[in-house]
Amino acid sequence: MSTVPAAEDRGAARVPVRGLTVLYDAECTLCTHLRDWLGRQSQLVPLTLVPAASDEARARFPGLDHSTTLDEVTVVGDSGQVYRSAAAWIVVLWALREHRPLAHRLSTPAGARLARGAVLAAARWRGAQWGGKVYRREDGWTYDPGLGWIYDPPGCAGDTCATR
């Protein structure tokens, strides 16, 4: 089995990770639940939790494709490393005191398949919660825990309306 050249390319052996920023979808109940869970964990590497595609995320990481960060778990290391999907979850677990051994197991070829399956299952669950759609505030959607998703279309400017 050969070594993954991407690790050499980003200088993982030479550049220590001293902090990670986890970008999460602030309008996703699963994502916010995991954000809260991460905040309660003992961290070996500090985690900063930032809503994906927010003004703060755009200011911190101007070169990142922020629309993708809403669809795919993204973690950014303090030296510019970008982790997505299963690799993002593995690096987050690696940052946690009680879950670092699990991260090491998930970083093996067999473990990576398991991690990828878990990420796909979470994505499938997330999509099923909203009928396969992602409802965004900027599109006119709000969530009320007692009522569910409510659509209030954005206003019209001039002769153009988003609903026309």
Side-chain angles (χ1 to χ4, degrees), residues 3-130 133-139 141-143 145 149:
T3 319
V4 179
E8 292 173 9
D9 292 345
R10 77 170 185 262
R14 295 182 314 276
V15 180
V17 176
R18 292 191 172 97
L20 295 167
T21 301
V22 179
L23 300 173
Y24 67 94
D25 185 345
E27 296 184 20
C28 164
T29 55
L30 175 62
C31 303
T32 56
H33 173 76
L34 290 170
R35 174 208 58 204
D36 295 344
W37 178 80
L38 287 171
R40 293 188 304 269
Q41 302 306 302
S42 176
Q43 301 171 4
L44 294 170
V45 176
L47 298 176
T48 303
L49 306 164
V50 176
S54 65
D55 290 340
E56 180 181 357
R58 290 177 196 283
R60 284 176 178 247
F61 312 110
L64 206 56
D65 176 0
H66 290 278
S67 62
T68 301
T69 65
L70 288 166
D71 297 327
E72 186 175 34
V73 178
T74 305
V75 176
V76 182
D78 61 332
S79 295
Q81 309 93 326
V82 177
Y83 305 91
R84 295 188 190 279
S85 194
W89 280 114
I90 292 170
V91 77
V92 166
L93 290 172
W94 172 83
L96 303 176
R97 180 177 307 282
E98 292 181 29
H99 299 285
R100 187 167 275 188
L102 175 60
H104 286 290
R105 287 193 300 276
L106 292 175
S107 67
T108 66
R113 285 191 296 277
L114 178 64
R116 177 82 177 133
V119 168
L120 290 173
R124 194 172 301 121
W125 179 88
R126 184 177 174 219
Q129 297 305 300
W130 303 311
K133 300 176 184 173
V134 176
Y135 297 111
R136 303 259 174 243
R137 292 188 196 289
E138 59 267 16
D139 296 332
W141 291 97
T142 56
Y143 183 76
W149 287 99

Can you pull the ring pair (Phe, Tyr, Trp, His ring centres under 6.0 Å) pairs that have at least one residue in residues 43-65, sequence neighbours excluded?
none
Donor-acceptor pair, side chain of Ser67 and main chain of Asp65, under 3.5 angstrom
no
By side-chain contact (heavy atoms from CB on, under 4.5 Å) - contacts of Arg58 (at least two apart):
Ala53, His66
Return a table of donor-acceptor pairs under 3.5 angstrom between the side chains of residues 36-45 and protein atoms on other chains or two or more places apart.
{"residue": "Arg40", "atom": "NH1", "partner": "Asp36", "partner atom": "O", "Å": "3.4"}
{"residue": "Gln41", "atom": "NE2", "partner": "Trp37", "partner atom": "O", "Å": "3.2"}
{"residue": "Ser42", "atom": "OG", "partner": "Arg97", "partner atom": "NE", "Å": "3.0"}
{"residue": "Gln43", "atom": "OE1", "partner": "Leu47", "partner atom": "N", "Å": "2.9"}
{"residue": "Gln43", "atom": "NE2", "partner": "Leu38", "partner atom": "O", "Å": "3.3"}

Closest heavy-atom pair and its distance - Leu20, Val17
CD2-CG1, 3.6 Å
Side-chain donor-acceptor distances from residues 100-110 under 3.5 Å, at least two apart:
{"residue": "Arg100", "atom": "NE", "partner": "Trp94", "partner atom": "O", "Å": "2.6"}
{"residue": "Arg100", "atom": "NH2", "partner": "Trp94", "partner atom": "O", "Å": "3.1"}
{"residue": "Ser107", "atom": "OG", "partner": "His104", "partner atom": "O", "Å": "2.7"}
{"residue": "Thr108", "atom": "OG1", "partner": "Arg105", "partner atom": "O", "Å": "2.8"}
{"residue": "Thr108", "atom": "OG1", "partner": "Gly111", "partner atom": "N", "Å": "3.1"}

Is the backbone N or O of Ser79 less than 3.5 Å from a side-chain atom of Gln81, with the two atoms forming a donor-acceptor pair by type?
yes
So does Arg18 get a backbone contact from the side chain of Asp78, meaning a donor-acceptor N/O pair under 3.5 Å?
yes
Can you name the salt bridge (Lys or Arg N to Asp or Glu O under 4.0 Å) partners of Arg84, sequence neighbours left out?
none
Go through the steps for Leu64 and Leu23 under the test side-chain contact (heavy atoms from CB on, under 4.5 Å), then give the verdict.
CA-CA 11 Å; Leu64 206 56; Leu23 300 173; 3.6 Å; yes
Atom SG of Cys28 and atom CG of Leu34: how far apart are they, to the nearest 0.5 Å?
8.0 Å
For residues Pro51 and Ala57, report the shortest heavy-atom separation together with the two atoms involved.
O-CB, 3.5 Å
Hey, what do you get for CD1 (Ile90) to NE2 (His99), rounding to the nearest 0.5 Å?
14.5 Å
Hits for side-chain contact (heavy atoms from CB on, under 4.5 Å) against Val73, two or more places apart or cross-chain, chain-then-number order -> Ala88, Trp89
